[in-house]
Structures are given as C-alpha cells and as structure tokens.
2 protein chains.
Amino acid sequence: MNRRTTITDVALAAGVSVATVSKAINGRYGVSAETLSHVMGVVADLGYESSIVATSMRRRRTLVIGVLVAEFEPFALQLLRGVSSALENTEYDVLAYAGSVSAGTHLGWERRSLSRLGGTLIDGAILVTPTAAPSETSVPIVAVDPHVGTDDPATVSVANVEGASAATSHLLSLGHRRIAHLRGRTDLESAREREQGYRNALRASDIPFDPTLVIDGGYRAADSTAGAHAILDLPDPVTAVFAANDLSAIEMMRVASERGLHVPDDLSVVGFDDIIDAAAHVPQLTTVRQPLPEMGAAAVRMLLEILQGHEPEPVQMATTLVVRESTAPPRS
Amino acid sequence: MNRRTTITDVALAAGVSVATVSKAINGRYGVSAETLSHVMGVVADLGYESSIVATSMRRRRTLVIGVLVAEFEPFALQLLRGVSSALENTEYDVLAYAGSVSAGTHLGWERRSLSRLGGTLIDGAILVTPTAAPSETSVPIVAVDPHVGTDDPATVSVANVEGASAATSHLLSLGHRRIAHLRGRTDLESAREREQGYRNALRASDIPFDPTLVIDGGYRAADSTAGAHAILDLPDPVTAVFAANDLSAIEMMRVASERGLHVPDDLSVVGFDDIIDAAAHVPQLTTVRQPLPEMGAAAVRMLLEILQGHEPEPVQMATTLVVRESTAPPRS
DNA sequence: GTGAAAGCGCTAACAC
DNA sequence: GTGTTAGCGCTTTCAC
C-alpha cells in the first residue's frame with residue numbers, strides 16, 4: 001500500500017531528468033545507448049509502469065479500447081469475450097466499464113460513461129445496447145444492438161425481423177395459435193424489429209394480430225416478472241410465448257413453473273439471443289441464436305477501421321433458430 | 001468526434017472561474033445559491049461530465065473498483081457478475097481490465113495492470129487468478145483464487161481439496177480404478193490443492209498413486225489440448241479423467257470425441273468450477289461447483305472493508321459436486 | 001463568495 | 001544527448 005512508483009522516482013534513482021526517462025521508455029531519439037540501458041535497468045528494478053491516467057492526459061492515444069455497458073449481464077459478457085479475443089495480438093488493451101451501477105438511473109448511462117472515459121482514457125468505445133445515440137462524442141464509437149432511429153453507420157446488429165419470424169413460425173408449425181409476445185426494451189431497434197417479425201409470422205399464417213397478447217418485458221429478468229404474470233393472467237390463455245430475449249424467456253419459465261405450469265407441456269417458450277444460460281437452463285431453452293462473440297469481433301474490426309480513418313459500413317449478421325426443449329405442440 | 005467538454009468550457013459559458021465550477025459540481029461550500037444553480041444549468045446544457053482521468057489525478061478517491069484479469073474467460077466473467085451486482089447501490093463503479101491482451105506474455109500481468117491503474121484510476125482492485133502476489137501495491141487488493149504461497153489474508157478461495165476429493169470419489173464410486181488427472185496451473189494454489197484432493201481420494205480407496213496419470217493442462221483450453229491427447233495415448237488406458245477445471249474438462253471431451261471416443265461410455269470426465277458452459281455442453285459436464293457470483297460478492301465486501309481500514313479475514317467457500325451426464329460406470 | 005495559482009504524473013517542444 | 005518548461009483537466013489551498 002505504498003505510493004506508486006512514479007517517473008520521478010525513476011529519474012531520481014537513475015540520476016537523470018524526468019524527460020530522459022520518458023524518452024527512454026518511449027523509445028524516442030536523443031538518448032545515448034548507455035543512458036538508455038541504465039534507465040531501463042532502473043525501471044526494471046523499481047518495477048515501474050507508466051500510469052495510464054497521466055499518460056493519457058498528455059498523449060493522444062492510450063491504446064485502450066473501452067466496452068461500455070449498463071451492467072455486466074450475459075449478453076454483454078458474451079460480446080466481451082469476442083471483443084477481447086479479437087483484440088488479442090493487436091496493440092490494444094480492453095477495458096470494460098459499467099458506469100451506471102451507482103447512478104440510480106439507467107437512462108443515458110452511455111453519455112455519462114463516454115464523457116468520463118472518452119477523450120482521455122480510451123481511444124474508442126464499443127457501446128452495448130445504448131439507450132440513446134450519443135452525439136458529439138470525443139472518441140469514435142461503435143454501437144452493438146443500437147438505439148431506435150440510428151442513422152449512424154457504425155453499428156453491429158442482427159437480422160431481428162427474420163429471427164423473430166422464424167421463432168414465431170416454429171411455434172405456429174407446432175400447432176400453436178394463441179401466442180403471446182413478451183416484448184423487449186422499446187427504445188432499442190431490436191425490440192421493435194422482433195415484434196415486427198412476430199407480427200409478420202402471424203400474418204403469414206393468417207392469424208389476426210391481437211394487441212392484448214403483446215406485453216412489455218423490457219429484456220431484463222427483473223423487469224419481466226410482471227409481464228410474465230400478466231401473460232398467464234390472460235382471460236383466454238395462450239399456449240406459447242415468444243419472449244424478446246433469453247433473460248425474459250427464462251423469467252417467463254420461472255414464473256410459469258412457480259405457478260405450477262410445466263414447460264413445454266403446458267406452455268411453450270421461445271427466447272432470443274442464445275446467451276449461454278439458455279442451453280444451461282432446465283428445460284433447455286429453444287431460442288434464436290445471435291453470434292455474440294462474432295458480433296463483438298465485428299465491432300472491434302469496425303472500430304479499428306474508424307480509428308484508421310476509414311468510413312464504417314453497418315454490419316448485420318444472420319440468426320439461427322436453435323430448437324431445444326422448451327417448445328412442444330400444444331397440449332389439448 | 002469533437003473535443004470533449006471540459007470544465008473550462010463550462011466556466012467560460014457560465015462566466016465564472018474554473019474553481020467555482022469545480023466547487024459547484026462537488027457541492028463544496030463557498031458558492032452562492034444563485035451561482036450554484038446557474039452553473040449547474042450550464043453543466044446540464046453542455047452535458048458536461050468530469051473526466052475520470054483528470055479527477056483521479058488530483059483526488060484521492062475515484063470511486064471506481066477495478067477487476068483485473070488476464071483475459072475475459074468464463075471464470076472471470078461469472079465472477080464479474082457477482083462483483084457487479086454487489087457493487088450496485090454502493091457509490092462505486094466497476095471497471096474490468098484485461099491488460100495482458102497485447103502484452104505477449106501472461107506472466108506478471110497483474111503487476112503491470114496494477115501499476116498502470118492503481119494509485120490513480122482505481123481505489124482498489126480485485127485480482128482474478130493472479131500469477132504472483134504483488135508486493136508494494138499502491139491500492140488495496142483482494143485476490144480470488146490466489147497464487148501459491150500467499151500469506152496475504154485478503155483472499156477468496158474455495159475448499160479445493162475437499163471438492164477435488166469429492167470429484168474423484170464420485171468416479172471411484174462408479175467403479176473407475178484408473179483415473180487420470182489433467183492438472184491445472186501449478187502456480188495457483190487451487191491447482192495444487194485439487195491434485196491433493198485427487199490423491200487423497202485415491203488413497204482412501206487404497207489405490208496407489210501413479211504419477212504418470214497426472215498430466216499438465218494449465219486450466220486454459222488451448223493449453224490442455226496436448227495433455228488431453230497425452231492422456232488418451234497412455235499405454236494402459238484410463239477410464240476416467242478428473243480435469244482441474246471445466247475449460248480443460250471440455251477440451252478433454254472435445255479431444256476424446258475427435259478421436260472417436262464417446263463420453264461418458266468410453267471415458268468419464270469430471271471438471272471443476274461449474275462455469276455456465278459446463279451445463280450448456282453436450283453431454284452436460286459433471287463438475288464441482290464454485291459459487292462464482294457469491295465469491296465475487298465476497299471479494300467486493302472484503303475490499304470495501306479494507307478500504308474502510310479494517311483488517312481482512314480470508315474467505316473460503318464450500319464446493320458442491322454436481323453430477324450431470326459426463327460420468328458413468330466404466331464399460332468393461 | 002470568488003478567482004488565481006499550484007500541482008497530480010506524464011509527454012513534447014525547445015533550450016542548452 | 002540531456003534538462004527545463006509548459007500544459008493536459010481537474011481540485012484545492014489561499015488570497016482577495
């Protein structure tokens with residue numbers, strides 16, 4: 001718990017000026033071979049590493065990429081895996097920041113985090129499911145699963161409409177006719193598109209759309225509890241639910257089971273994302289897979305492109321329906 | 001991509017000095033109510049947020065806790081979930097840093113990361129499976145799954161000997177007699193203890209310990225490939241493997257399957273950790289559960305204690321054997 | 001109640 | 001080839 005070793009300590013110990021130490025460390029010209037090796041020896045002895053904070057205040061580049069999230073939930077974590085491995089063998093380090101932990105409100109967390117880290121600590125940021133498209137950012141950003149109404153090309157997303165349609169069609173093909181939709185965070189483009197896919201599939205099967213069957217879940221487990229109950233309280237019961245993501249699908253199953261219903265016999269449930277928890281759940285969740293690690297890697301590539309001055313091209317990836325154990329034909 | 005809004009911008013726009021803005025923002029005395037509200041209005045208008053970097057250079061506290069990892073693998077990620085949720089409703093933000101991504105070597109990553117972030121960016125750090133016990137740190141640290149030979153009380157670990165013994169006993173009770181051990185990172189206390197547990201269980205069953213059956217895996221999937229092959233190349237084949245963690249257990253199963261072996265019929269495999277991937281694997285992995293999120297939460301509590309000046313008490317948590325599909329009686 | 005000035009650790013001009 | 005100096009954005013004495 002001592003004070004950290006600073007460049008001044010090194011300079012003092014080496015008997016040279018702070019500037020010389022800096023030059024030596026950063027391989028700048030104007031240091032004799034002798035001085036260089038001497039200074040580097042002292043650096044090694046003292047175990048000195050430059051402070052990211054001080055360095056980034058003076059320098060332009062910090063060689064750190066920030067992944068900004070509202071919270072460390074499974075979706076963000078899977079993405080982080082991809083980001084991290086894509087950054088291997090590059091000169092960049094990764095720093096993941098959950099800035100709204102103590103903020104009380106989740107709204108606008110990305111603006112806050114960006115202001116606090118951007119321009120100084122990080123060279124660029126990957127925003128995971130941002131609540132809004134930040135304008136006037138101080139560093140290049142790439143958004144994964146972006147906010148509605150984005151015209152920013154620096155986005156990574158999936159074919160949500162098609163995926164949701166496939167999920168709903170799967171339920172229809174099993175024979176379900178009354179299918180509820182536990183909707184996602186309506187500020188995200190993905191939630192709207194998934195609802196659209198749900199509607200498209202119903203229309204293709206000539207089933208009239210019933211707005212009372214669409215109930216808000218909000219993507220988070222805690223926010224989905226009420227919606228899950230509401231679905232089960234429907235006067236004319238549904239036999240299946242398409243949840244907008246896996247976290248709410250899992251919560252849907254939890255609530256159903258709590259109320260004595262058996263999945264999939266009494267109720268079929270389909271999710272979206274294929275977070276790792278989906279396959280680990282009992283019963284295993286039928287869901288629509290997003291290639292999360294690949295999306296993280298794509299976001300990294302895009303960010304590095306932008307950092308090199310190139311114009312980004314939006315990336316949209318395909319989804320795959322993964323049929324597991326949470327869906328079956330309706331009972332009756 | 002504009003320059004970030006600084007305190008100077010705010011001061012200029014508000015027509016006051018930088019010092020006054022700082023006082024207003026931080027609620028210091030010596031600002032008239034009128035000036036205060038005026039300044040705060042400008043702050044809101046400009047969307048100003050103080051730079052974490054600049055603030056932490058001057059201030060003691062940054063209200064940010066760092067989770068330092070070598071890489072974002074499942075073990076660290078699960079832990080991060082616990083850390084993050086434990087920090088909710090506190091005044092702290094979480095920042096996870098993978099500092100060795102570009103470092104070339106994994107050795108000593110914690111010293112480097114600590115030097116770069118400590119003393120400035122973060123108030124305290126949680127080190128996940130550190131390769132060495134850093135001395136002379138600039139901030140309080142808590143180690144999860146610590147290095148061998150630590151006498152530092154600020155550690156969170158599990159009962160590895162008992163867990164490994166339970167895993168091995170499980171295989172023995174199924175009737176296995178030749179059981180290999182795919183060993184973990186020997187620089188970590190956990191790997192040594194797990195080998196000890198394996199030996200204890202064998203001894204309890206009067207099975208002589210055969211050193212050729214202990215083969216290094218190193219905890220990472222990529223590092224376990226060779227060891228997995230070596231186990232299957234054993235002249236006198238084993239019927240079961242106790243892998244030191246889930247990642248190497250999963251790699252063991254992959255290699256076995258690649259070589260035409262069926263798990264669990266031809267080979268039983270037990271892991272350790274119960275990362276979420278274990279339950280998602282086909283076949284589902286029998287493993288020893290560590291309560292990862294709880295361990296993350298415990299590390300947070302310990303760190304906050306130390307930050308408040310209290311002496312830490314080492315925490316050791318219990319493990320649970322989770323029997324799934326990757327283990328069965330030997331074929332013969 | 002407010003502002004000027006110093007300084008956190010570091011890098012980049014510029015002087016010597 | 002090396003040292004001096006200024007300044008990044010911010011907080012904090014200390015004058016006024």
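Just so we're on the same page: letters track the sequence lines, and every chain starts at 1. Only heavy atoms go into these numbers, but all of them, side chains included; no hydrogens, no water, no symmetry mates.
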Calculate the interatomic distance between A/L63 atom CG and C/dT11 atom P; express it in whole Å.
12 Å
Could you give the CD1-to-C1' distance, from A/I52 to C/dC10, as a whole number of Å?
13 Å
How long is the line joining OH of B/Y48 and C1' of D/dG9, in whole Å?
7 Å
Rounded to the Å, how far apart are A/M57 CE and C/dA12 P?
14 Å
Nearest to the side chain of A/S17 - D/dT12, D/dG3, D/dC8?
D/dG3
Which nucleotide sits closest to the side chain of A/T20: D/dT12, D/dG3, D/dC10?
D/dG3
What is the distance, to the nearest angstrom, from the NE2 atom on B/H38 to the C1' atom on C/dT2?
15 Å
Strictly below 4.0 Å: does B/S22 bring a side-chain N or O up to OP1 or OP2 of D/dT12?
no
Between B/R59 and C/dC8, is there a contact of a side-chain N or O with OP1 or OP2 at under 4.0 Å?
no
Write down the distance between CG (B/N26) and P (D/dG9), rounded to a whole number of angstrom.
17 Å
Mind calculating the distance between CD (A/E34) and P (D/dG1) to the nearest angstrom?
12 Å
Base, sugar-phosphate, or nothing: which does B/V53 touch, judged by heavy atoms less than 4.0 Å apart?
nothing
Residue B/I7, side-chain heavy atoms: nucleotide from C/dT11, C/dG9, D/dG9 that is nearest
D/dG9
Between the side chains of A/R185 and A/D145, is the shortest nitrogen-to-carboxylate-oxygen separation below 4.0 Å, so that they form an ion pair?
no
With DNA chain C as reference, determine whether B/L36 or B/A54 sits nearer its 5' end, using the nearest nucleotide of each.
B/L36
So what does B/T35 hit on the nucleic acid, given a heavy-atom distance under 4.0 Å: a base, only sugar-phosphate, or nothing?
sugar-phosphate
Please figure out whether B/K23 or B/S51 has its closest DNA chain D nucleotide nearer the 5' end.
B/S51
Taking atom types as modelled, find out whether B/T129 and B/Y219 have a side-chain donor-acceptor pair closer than 3.5 angstrom.
no
Among C/dA12, D/dG9, C/dG3, the one nearest A/A19 by side-chain distance
C/dA12
If you apply the rule side chain to side chain donor-acceptor pair (under 3.5 Å), what do you find for B/D9 with B/Y48, and how did you get there?
CA-CA 9 Å; B/D9 299 329; B/Y48 170 77; over 6 Å; no
Would you indicate, yes or no, if C/dA5 has its OP1 or OP2 atom less than 4.0 angstrom from a side-chain nitrogen or oxygen of B/R58?
no
For D/dC8 and A/S56 - does any side-chain N or O of the residue sit under 4.0 Å from the phosphate oxygens OP1/OP2?
no
Can you figure out which of D/dG9, D/dG3, C/dG9 approaches the side chain of B/R4 most closely?
D/dG9
Indicate whether OP1 or OP2 belonging to C/dA12 is found under 4.0 Å from a side-chain N or O atom of A/Y29.
no
Does B/T6 reach a base, just sugar-phosphate, or nothing at all? Heavy atoms under 4.0 Å.
sugar-phosphate
